[in-house]
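The analysis underlying the following values was restricted to heavy atoms, covering all of them including side chains, and did not include hydrogens, waters or symmetry mates.
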Amino acid sequence: MVDVAAIFKAYDVRGVVPDQLDEAVARATGAAFVEVLDVLAGPGAVVIGYDMRPSSPALAAAFAEGAASTGVDVIDIGLASTDMLYFASGRLQLPGAMFTASHNPAKYNGIKMCRAGASPVGAESGLRDIADLVAKTVAEPIPSVPAPGKVTRKNLLTAYADHLNHLVDLSGSRPLKVVVDAGNGMGGHTVPAVFATGPIEIVPMYFELDGNFPNHEANPLDPKNLVDLQAKVVEVGADLGLAFDGDADRCFVIDELGKPISPSAVTGAVAVRELAKHPGSAVIHNLITSKAVPELITEHGGTPVRARVGHSFIKQQMAETDAVFGGEHSAHYYFRDFWRADTGMLAALHVLAALGEQDKPASELFAEYERYVASGEINSRVENAAATVAAIEDTYAGRDGTTVDHLDGLTVDAGQWWFNVRASNTEPLLRLNVEAGDAATMERVRDEVLALITGAPVEEKN
């Protein structure tokens, strides 16, 4: 019997196929999705898409069967990136399900679900109820209605590409050579459509759809998976490099020197562009992004809004504040013009537009948005995350000029430096991020906090 609770996470479904996630679970999830979201009483249909993993078509078909068994129709858009599924949900105003394990290794698969208009389904907004119903019905399926719904195919790739190109017009850009590493993921499907015309020359890397990831894992957050792209950018003299994760909802950027541009710098640059079009708007940033992000938002007349890490929190705050844009340190970028959903492709278009409308190379342009030195996310295995965080807080609370907050884990801010530690939702890990005005200070604070996490003695407290 599959442990349903083990695969339903805070924001999605994710597990090893078929040991944790199989067609029976997918079928039960389809039926439960319809019941919890009350689809029959609402739009009467759902939309589904899937990535290039070998197990995705069968899992998607099982979900469709479960949903249709309740009487609702299913629109199958076939191979898609996650942001293409969000586009379909927004354009068709239907709840949706995307079959992907994103950046996870080949043995995994999962389901990302949303309400009509790409509104998130999180733990507190339906996902827990779906999990409870699946646990009850996976062994004893809900009986089918006498007249099940129909499953039809609909190709939305061209419409998706047209929508993005309408939002960011690159026709006036100077010619740019851009290396794109799709990591054998869905970027290999969507990039050719989005860049079918215009002044951007695409140099493709690993565009062949292959869910076994023969070249490297489709996880650009891990620096080792950027090495090939960095070398290729320098080799061909490209203006920029782009790396997409497996489901192509995240985009990482490499400058012409082969060096990564931080997602915080991308967030700052896109925020400035969006504020130029929508003066005075709110912009969301999660608490791990650089301090430069809220500074830039304020300097350009916007209102920075700090949020917890995670798409459901970002999207909720975007709705509450009518924010024009939101960015995370993990290279998730959210746009009001894209149903407040995250889309790496639209962020990439903004980056290319910013580069192409002026003459500076990427390294110089984005240096304007890099003001501080960051550690990047450091993961440490701990036995008791809560106790460790409490010990860290005891060490720093009350120091002169130091503030502490608990929006997401523990954040300690001393003005010239700050750090955040927060527990993983799925593993016995503490995630540490440190930022400071210079490398020496960042390294000192980083090492001091890591010593507390690992239990080593701390020599200094200043």
In terms of heavy-atom contacts, A28 and T137 come closest through CB-OG1, 3.9 Å

With no hydrogens and no angle check, just 3.5 Å: does a side-chain donor-acceptor pair link N286 and E328? yes

Euclidean distance, T343 OG1 relative to H332 NE2, rounded to 0.5 Å: 11.5 Å

Full working for ring-ring contact (aromatic ring centres under 6.0 Å, His included) between H350 and F335: CA-CA 11 Å; H350 272 284; F335 295 84; 5.4 Å; yes

Using the salt bridge (charged side-chain N to carboxylate O under 4.0 Å, His left out) rule, take R53 and D247 through it: C-alpha gap first, then chi angles, then the decisive distance, then the call. CA-CA 10 Å; R53 293 167 187 267; D247 61 336; over 6 Å; no

May I have the step-by-step check of side chain to side chain contact (heavy atoms under 4.5 Å, CB included) for L176 and L240, ending in yes or no? CA-CA 8 Å; L176 297 172; L240 204 71; over 6 Å; no

If you count every heavy atom of other residues, nucleotides or ligands that lies below 6.0 Å from E35 atom CD, does the total exceed 12? no

Aromatic F313 / basic R308 pairing, under 6.0 angstrom, 45° off normal: yes

Nearest-0.5 Å distance, CD1 of residue I288 to CG of residue D408: 6.5 Å

Going by heavy atoms in the side chains, are S173 and L352 under 4.5 Å from each other? no

Under a 3.5 Å threshold, yes or no: a donor from one side chain and an acceptor from the other, between S424 and R431? yes

Would you say the rings of F207 and H189 are close, in the sense that their centroids are separated by under 6.0 Å? no

Should K177 and D239 count as an ion pair when the cut-off is N to O under 4.0 Å? no

Quick one: do K112 and D51 make a salt bridge, cutoff under 4.0 Å? no

Quick check: are there more than 12 heavy atoms from other residues, nucleotides or ligands sitting under 6.0 Å from NE2 of H166? no

Kindly indicate whether the side chain of N184, heavy atoms from C-beta on, has any atom under 4.5 Å from the side chain of P214. yes

With no hydrogens and no angle check, is any side-chain donor or acceptor of N104 less than 3.5 Å from a backbone partner on Y108? no

Is the closest side-chain heavy-atom distance between V351 and V266 below 4.5 Å? yes

Relative to the ring of F419, is the ring of W417 parallel (under 30°), tilted (30 to 60°) or perpendicular (over 60°)? parallel

When you check the gap from the basic side-chain N to the acidic O, do K154 and D76 get nearer than 4.0 Å? no

Determine yes or no for a side-chain-to-main-chain donor-acceptor pair under 3.5 angstrom, with Q20 supplying the side chain and G15 the backbone. no

Any donor-acceptor pair under 3.5 Å from S56 side chain to M52 backbone: no

Close aromatic pair by centroid cut-off 6.0 Å: Y334 and H311: no

Any sub-3.5 Å donor-acceptor pair from T267's side-chain atoms to G327's backbone N or O? no

Any donor-acceptor N or O pair under 3.5 Å, side chains H103, D245: no

Between E295 and Y369: side-chain donor-acceptor atoms closer than 3.5 Å: no

Can you measure from CG (L432) to CG (N379) and round to the nearest 0.5 angstrom? 9.0 Å

With under 30° as parallel and over 60° as perpendicular, where do the rings of W339 and F87 fit, or are they tilted in between? perpendicular

Any donor-acceptor N/O pair, R14 side chain to K9 backbone, under 3.5 Å: no

Please confirm whether K315 makes a cation-pi placement over Y86, using NZ or CZ under 6.0 Å from the six-membered ring centre and within 45° of the ring normal. yes

For residues V74 and T152, determine if any side-chain heavy atom of one lies less than 4.5 Å from a side-chain heavy atom of the other. no

So do the side chains of F33 and V46 get within less than 4.5 Å of each other, counting heavy atoms only? yes

Report the C-alpha distance between L92 and I75 in whole Å, list the side-chain angles of each, state the deciding distance to 0.1 Å, and finish with yes or no for side chain to side chain contact (heavy atoms under 4.5 Å, CB included). CA-CA 10 Å; L92 302 175; I75 296 175; 4.2 Å; yes

SG of C114 to CG of L85: how many Å apart, nearest 0.5 Å? 5.5 Å

Check this for me: does any side-chain nitrogen of one of E435 and K291 sit under 4.0 Å from a carboxylate oxygen of the other? no

L275 and S281 have their tightest heavy-atom pair at CD2-O, 3.5 Å

Quick check: F213 with Y206 (ring centres under 6.0 Å apart)? no

Just do the side chain to side chain contact (heavy atoms under 4.5 Å, CB included) check on D22 and V17 with the steps written out, would you? CA-CA 6 Å; D22 59 16; V17 178; over 6 Å; no

Looking only at the side chains, is there a donor atom on one of T82 and D249 sitting less than 3.5 Å from an acceptor on the other? no

Would you call the rings of Y160 and F338 parallel, tilted or perpendicular, taking 30° and 60° as the class edges? perpendicular

Exam field: side chain S89 to backbone R115, donor-acceptor pair closer than 3.5 Å: yes

Taking the side chain as every heavy atom from C-beta outward, state whether L287 and V309 have any atom pair closer than 4.5 Å. yes

Just wondering, do L133 and I130 contact through their side chains at under 4.5 Å, heavy atoms? no

Give a yes or no answer on whether the side chain of S262 reaches the backbone of A265 with a donor-acceptor pair at less than 3.5 Å. yes

Taking C-beta and beyond as the side chain, do L221 and F252 meet within less than 4.5 Å on heavy atoms? yes

Value rounded to 0.5 Å, distance of CD1 in I297 from CD in E274: 11.5 Å

If the threshold is 4.0 Å, N to carboxylate O, is there a salt bridge linking R128 and E124? yes

Does F195 form a side chain to side chain contact (heavy atoms under 4.5 Å, CB included) with M345? I'd like the steps, not just the answer. CA-CA 10 Å; F195 294 96; M345 192 67 74; 4.1 Å; yes

Drop me the distance from L450's CG to I378's CD1, to the nearest 0.5 angstrom. 5.0 Å

Donor-acceptor pair, Q93 side chain versus G90 backbone, under 3.5 Å? yes

E256 bridged to K360 by N-O distance under 4.0 Å: no

